[in-house]
Colleague: 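Sending over a structure as structure tokens; questions will come in a sec.
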Amino acid sequence: MRTASFIATITLVIGLLFLGGVLYVLIGPTTTPTFVGESDIDLTITGGELDNLFGFGNLDEELSAPGPTINIKNGQVVKIIFENIGEIPHTFRITEGNTTDSAVLFNSSIGDNSNPIVPGQLSTITFEVDQSGTFHYICTIPGHAERGMTGIIVIEDE
């Protein structure tokens with residue numbers, strides 16, 4: 001009798017821990033802060049659908065595929081504000097290449113395939129740029145980068 005009660009208690013605790021984990025994944029934070037402090041530059045990037053493509057834009061430009069070129073300086077602290085203005089989930093990530101299997105740079109991911117930015121949602125990340133070069137920003141949802149949801153980011157030495 002005591003064994004059955006003990007097993008029932010353990011099962012209940014494990015079930016509650018599992019439920020808590022599922023709730024955290026579903027409603028938890030969409031980004032991991034990588035830098036605490038003031039940013040040198042704040043960039044608002046929008047993402048969404050256009051015709052049969054997906055694209056990025058900013059406050060000054062409409063969505064396009066590929067998105068607008070972003071120019072920043074090496075050593076700057078950058079705050080990216082990503083707003084999903086589309087009708088389906090999207091993500092934002094700076095990578096070495098323009099494919100979803102490219103290495104992530106600067107810990108710059110906003111959302112991921114299991115926890116994307118949903119329509120109407122705004123999410124931010126702040127990070128310090130520590131290398132110069134020409135890189136890409138992409139949406140990592142399968143098929144989105146291939147349908148135009150990419151862009152170029154140029155980081156120049158100061």
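Side chains included, hydrogens not; waters and symmetry mates left out as well; all remaining heavy atoms used.
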Colleague: Taking all non-hydrogen atoms of both residues into account, name the closest pair between Pro89 and Pro119 and its distance.
Modeller: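 The pair with the smallest heavy-atom distance is N-CD, 4.1 Å.
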Colleague: Contact between Val77 and Glu38 at the side-chain level, heavy atoms closer than 4.5 Å - yes or no?
Modeller: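 When only atoms from C-beta onward are counted, Glu38 and Val77 do not touch, as no gap falls below 4.5 Å.
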Colleague: Within a strict 4.5 Å, meaning less than it, do heavy atoms of the Leu43 and Ile41 side chains meet?
Modeller: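 Sidechains of Ile41 and Leu43: in contact.
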Colleague: Do you know the tightest heavy-atom contact between Ala65 and Leu53?
Modeller: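 So the two residues come closest at CB-CD1, 4.0 Å.
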Colleague: How would you list, by chain and number, every residue that makes a side-chain contact (heavy atoms from CB on, under 4.5 Å) with Asp101, sequence neighbours excluded?
Modeller: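 Per chain and number, Asp101 pairs via side-chain contact (heavy atoms from CB on, under 4.5 Å) with Thr99.
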Colleague: Would you check if there is a donor-acceptor pair between the side chains of Thr91 and Thr140 at a distance under 3.5 Å?
Modeller: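 The criterion, which ignores hydrogens and geometry beyond distance, is satisfied for Thr91 and Thr140.
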Colleague: Show your reasoning for whether side chain to side chain contact (heavy atoms under 4.5 Å, CB included) applies to Thr69 and Ile153.
Modeller: CA-CA 6 Å; Thr69 299; Ile153 183 165; over 6 Å; no
Colleague: Please round to the nearest 0.5 Å and tell me the distance separating atom CD of Glu96 and atom OG1 of Thr134.
Modeller: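 Between atom CD of Glu96 and atom OG1 of Thr134 there are 12.5 Å.
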Colleague: Just do the side chain to side chain contact (heavy atoms under 4.5 Å, CB included) check on Leu122 and Ile81 with the steps written out, would you?
Modeller: CA-CA 7 Å; Leu122 190 99; Ile81 303 146; 3.7 Å; yes
Colleague: If I take atom CG from residue Asp40 and atom CD from residue Gln76, how far apart are they, to the nearest 0.5 angstrom?
Modeller: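 Atom-to-atom, Asp40:CG and Gln76:CD are 5.5 Å apart.
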Colleague: With a 4.5 Å limit on heavy-atom distance, are the side chains of Asn113 and Ile141 in contact?
Modeller: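 Yes, close enough: below the 4.5 Å cut-off.
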Colleague: For side chain to side chain contact (heavy atoms under 4.5 Å, CB included), just list the numbers for Ile88 and Glu49, CA-CA rounded to whole Å, side-chain angles, deciding distance to a tenth of an Å, and then say yes or no.
Modeller: CA-CA 8 Å; Ile88 62 174; Glu49 306 82 46; 3.1 Å; yes
Colleague: Side-chain contact test, heavy atoms from C-beta onward, threshold under 4.5 Å: evaluate it for Phe56 versus Phe82 and give yes or no.
Modeller: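 In short, these two side chains touch, coming nearer than 4.5 Å.
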Colleague: Do you know the tightest heavy-atom contact between Pro66 and Gly151?
Modeller: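 Heavy atoms of Pro66 and Gly151 come nearest at CB-CA, 4.5 Å.
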Colleague: Working to the nearest 0.5 angstrom, can you tell me the gap between Cys139 SG and Arg147 CZ?
Modeller: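 So the SG of Cys139 and the CZ of Arg147 are separated by 11.0 Å.
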Colleague: Are Thr124 and Ile110 packed together at the side-chain level, in the sense that at least one heavy-atom pair is separated by less than 4.5 angstrom?
Modeller: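 No, too far: nothing below the 4.5 Å cut-off.
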Colleague: Give the intermediate values and the outcome of side chain to side chain contact (heavy atoms under 4.5 Å, CB included) for residues Met149 and His90.
Modeller: CA-CA 9 Å; Met149 205 161 184; His90 294 291; 3.2 Å; yes
Colleague: Please find the pair of heavy atoms, one from Asn74 and one from Asp130, that lie closest to each other, and give the distance.
Modeller: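 Closest approach of Asn74 to Asp130: OD1-C, 3.3 Å.
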Colleague: Looking at residues at least two apart in the chain, or sitting in another chain, which of them share a side-chain contact (heavy atoms from CB on, under 4.5 Å) with Val104?
Modeller: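 Counting only residues at least two positions away or on another chain, Val104 forms a side-chain contact (heavy atoms from CB on, under 4.5 Å) with Arg93, Ser108, Ser109.
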Colleague: If the test is side chain to side chain contact (heavy atoms under 4.5 Å, CB included), which one of Ile45, Asn58, Ile152, Val78 qualifies with Ile70?
Modeller: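 Passing option: Ile45.
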Colleague: Can you name the closest pair of heavy atoms from Phe92 and Ile94 and give their distance?
Modeller: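 Reported closest heavy-atom pair: CE2-CG1, 3.9 Å.
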Colleague: For a quick test of reading the model, state the closest non-hydrogen atom pair linking Ser102 to Thr95 and the distance between them.
Modeller: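 Distance-wise, the nearest heavy atoms are CB-CB, 3.8 Å.
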Colleague: To the nearest 0.5 Å, what is the distance between OG (Ser132) and NZ (Lys73)?
Modeller: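 Reported to 0.5 Å precision, the distance equals 10.5 Å.
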Colleague: Partners of Phe135 by ring pair (Phe, Tyr, Trp, His ring centres under 6.0 Å), sequence neighbours excluded?
Modeller: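 Phe135 satisfies ring pair (Phe, Tyr, Trp, His ring centres under 6.0 Å) with no other residue.
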Colleague: Taking the side chain as everything from C-beta on, heavy atoms only, tell me whether Thr46 gets closer than 4.5 Å to Asn84.
Modeller: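 With C-beta onward as the side chain, the pair stays apart.
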Colleague: According to a hydrophobic-cluster definition based on side-chain heavy atoms being under 4.5 Å apart (Ile, Leu, Val, Met, Phe, Trp, Tyr only), do Ile117 and Tyr137 belong together?
Modeller: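 Same hydrophobic cluster.
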Colleague: Please state whether the rings of Phe127 and Phe106 are parallel, tilted or perpendicular, taking 30° and 60° as the class boundaries.
Modeller: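 Judged by the thresholds at 30° and 60°, the geometry between Phe127 and Phe106 is parallel.
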Colleague: Do Ile72 and Glu156 have side chains that approach each other closer than 4.5 Å (heavy atoms only, starting at C-beta)?
Modeller: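 Counting from C-beta outward, Ile72 and Glu156 never come under 4.5 Å.
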